[in-house]
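All chains are named by letter (A, B, ...) in the order of the sequence lines, taking the proteins before the strands, and each is independently numbered beginning at 1. Everything numeric here is computed off the predicted structure, so don't read it as measured data. Excluded from the calculations below are hydrogen atoms, water molecules and symmetry mates; all remaining heavy atoms, backbone and side chain alike, are included.
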There are 2 protein chains.
Amino acid sequence: MTSDTSTARRSSRTGETWTIAQVAEAFDVTHRTVRHYEDLGLISPERRGTQRVYHRRDRTRLGLILRGKRLGFPLEEIRTIIDLFDAPRGRRTQLEYVLDQIDERRTDLEQRLRDVQDAIAELGEFERRCRDDLGRLDHV
Amino acid sequence: MTSDTSTARRSSRTGETWTIAQVAEAFDVTHRTVRHYEDLGLISPERRGTQRVYHRRDRTRLGLILRGKRLGFPLEEIRTIIDLFDAPRGRRTQLEYVLDQIDERRTDLEQRLRDVQDAIAELGEFERRCRDDLGRLDHV
DNA sequence: ATAGTGCTTTACGTTTACGTCAACGTCAAG
DNA sequence: CTTGACGTTGACGTAAACGTAAAGCACTAT
């Protein structure tokens with residue numbers, strides 16, 4: 001049940017690789033979820049015959065996808081974001097486009113940041129009031 | 001088209017009130033969305049005859065709902081959270097339950113906070129690399 | 001009186017993000 | 001050579017979060 005190196009890794013000149021079951025377990029999702037992300041073009045694992053072979057790159061992407069999900073972004077939007085990281089940046093127009101996109105994303109993320117900070121602050125305030133109430137109960 | 005006080009407010013001894021169209025516009029959602037939240041029990045506006053009448057309390061809740069959505073929480077979970085703020089806290093057991101819930105929420109929010117901060121940091125790093133590329137183009 | 005504007009409910013449609021079979025391929029172990 | 005364990009592709013199902021008519025009530029303005 002613990003990591004069995006003989007099956008957990010399959011040697012390759014490009015480094016370690018994983019099966020779908022392994023990445024699914026590692027990220028605590030189902031294989032169906034992983035395949036769904038592939039259907040939407042968010043990851044594209046290597047094929048060895050008919051089998052999917054996942055590399056570190058795929059794991060990185062999967063991590064980005066799941067974090068994006070926790071932040072409430074739809075998968076389609078997540079795709080455009082992580083594609084951005086691999087986008088061609090050779091020509092000036094391409095680079096300027098990418099920088100524009102980065103700015104849009106940042107604006108969005110900064111709104112999220114404010115949202116989380118506000119929510120945590122309000123929760124703290126609410127907790128303080130509750131502890132006050134609790135103190136009054138003790139006092140009597 | 002600007003704010004018309006004669007229709008924007010309807011006097012009441014409990015302060016200003018709004019129609020469904022007004023709150024929908026104020027929060028940039030459709031009336032259908034507002035009614036959907038009511039169906040799920042997230043808001044419960046006053047009724048005057050058959051018409052819905054929204055008070056400041058309802059606007060506050062709507063703000064919390066939309067912020068929760070931006071953070072990726074499902075509506076059902078949002079309902080339990082904002083209900084928590086109005087939950088009875090008279091008895092010790094109730095207070096302790098509420099404090100427990102607060103802690104759970106905070107854990108969740110702190111994960112979100114890390115997610116956003118990480119995402120912003122990575123975006124910044126990526127932007128730096130892009131600007132480097134751009135600089136190299138200028139240099140040549 | 002009638003037309004218009006805004007609100008109401010009812011109800012079916014749609015999109016997203018998977019879950020859940022079904023049916024079949026493949027490879028090592030017994 | 002058959003039996004598992006694991007992998008594969010459809011294909012249909014489902015829950016959440018609304019969208020989108022359809023059809024009717026209430027008030028106001030002409």
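- When rounded to the nearest whole Å, the span between CZ of A:R35 and C1' of D:dT8 equals 7 Å.
- For the side-chain contact (heavy atoms from CB on, under 4.5 Å) test with B:R61, the passing option among B:I82, B:L66, B:I78 is B:I82; the others fail.
- Of the residues A:Q111, A:R112, A:R106, the one that meets the side chain to side chain donor-acceptor pair (under 3.5 Å) test with A:D108 is A:R112.
- When the side-chain nitrogen and oxygen atoms of A:T50 are compared with OP1 and OP2 of D:dT9, none of them lie within a distance under 4.0 Å.
- Comparing atom distances between the B:K69 side chain and each of D:dC18, C:dT8, C:dT20 picks out D:dC18 as nearest.
- The nearest whole Å value for the distance from the CD atom in A:E76 to the P atom in C:dA17 is 8 Å.
- Put simply, the side chain of A:R52 and the base of D:dT8 share no donor and acceptor less than 3.5 Å apart.
- Taking 4.0 angstrom as the limit, A:Y37 places a side-chain polar atom (N or O) nearer than this to OP1 or OP2 of C:dC18.
- Separating the NE2 atom of A:H36 from the C1' atom of D:dT8 is a distance of 18 Å, rounded to the nearest angstrom.
- If you measure from atom CD of A:Q51 to atom C1' of D:dT9, you get 13 Å, rounded to the nearest angstrom.
- Side chain of A:D58 to backbone of A:H55: a donor-acceptor contact under 3.5 angstrom is found.
- Between A:R47 and D:dT9, a side-chain N or O to OP1/OP2 separation shorter than 4.0 Å is present.
- Separating the CZ atom of A:R48 from the C1' atom of D:dT8 is a distance of 17 Å, rounded to the nearest angstrom.
- Rounded to whole angstrom, the span from the CH2 atom of B:W18 across to the P atom of C:dG6 amounts to 20 Å.
- Atom CZ of A:R79 and atom C1' of C:dA17 are 15 Å apart (whole Å).
- More than 12 heavy-atom neighbours from other residues, nucleotides or ligands sit within 6.0 angstrom of CG on B:D39.
- Using a 4.0 Å cut-off, some side-chain N or O of A:T30 falls inside it from OP1 or OP2 of C:dG19.
- Put simply, the side chain of B:Q22 gets close to the backbone of B:T19: a donor and an acceptor are under 3.5 Å apart.
- Taking only side-chain nitrogens and oxygens, A:T19 never comes nearer than 4.0 Å to OP1 or OP2 of D:dC6.
- For A:I20, counting side-chain heavy atoms from C-beta on, the closest listed nucleotide (D:dA17, D:dT8, C:dT8) is D:dT8.
- When rounded to the nearest whole Å, the span between CG of B:L42 and C1' of D:dA17 equals 12 Å.
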